A.B. asks: 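After the structure tokens below, expect a handful of questions from me.
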Amino acid sequence: DGDGGGGGDYKADAQFGAQKKNEAVSEFAMTKTIAEQRQFLPIYGCRDTLLTVIRDNSVVILVGETGSGKTTQISQYLHEDGYTNFG
């Protein structure tokens, strides 16, 4: 039958974005606001220091543990600090 033997609709199952979005998956996510969740990330404690280092240096190399918030939070910190005001 050409469906790989899975018996299901493999195309529908593999569609990008077909999964439900914006549903909390943990008790923590269901009980905390986004702002509260951001404050629990390890990177939150050094936000001001990081922004100062970024202002004072033309190149910054940031190293941190997986899940510390490097990818998701640095871009938001920069936006909140006005780095995206002009594009």
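Positions are given from 1 along the sequence. These numbers were taken from a predicted model, which means no experiment stands behind them. Just the heavy atoms: all of them, side chains too, but no hydrogens, waters or symmetry mates, feed the values below.
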A.B. asks: Of all heavy-atom pairs between I43 and Y77, which one has the smallest distance, and what is that distance?
C.D. replies: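 That closest heavy-atom pairing would be CG2-OH, 3.6 Å.
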A.B. asks: Is the shortest side-chain heavy-atom distance between R38 and Q76 below 4.5 Å?
C.D. replies: yes
A.B. asks: Would you please name every residue forming a side-chain contact (heavy atoms from CB on, under 4.5 Å) with S68, sequence neighbours left out?
C.D. replies: P42, K70
A.B. asks: Looking at E65, I want to see if its CD is surrounded by more than 12 non-hydrogen atoms of other residues, nucleotides or ligands under 6.0 Å.
C.D. replies: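 Counting neighbours around CD of E65, 12 or fewer heavy atoms of other residues, nucleotides or ligands fall under 6.0 Å, so no.
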A.B. asks: Hey, what do you get for CG (L50) to CG (L62), rounding to the nearest 0.5 Å?
C.D. replies: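 L50 CG to L62 CG: 6.0 Å, rounded to 0.5 Å.
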A.B. asks: Can you run down the side chain to side chain donor-acceptor pair (under 3.5 Å) pairs that involve residues 43-58, sequence neighbours left out, and say none if there aren't any?
C.D. replies: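 Listed by first then second residue: R47-E80, R55-D81.
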A.B. asks: Any side-chain to backbone donor/acceptor pair from S26 onto A29? Under 3.5 Å, distance only.
C.D. replies: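 Yes, S26 side chain to A29 backbone: donor-acceptor pair under 3.5 Å.
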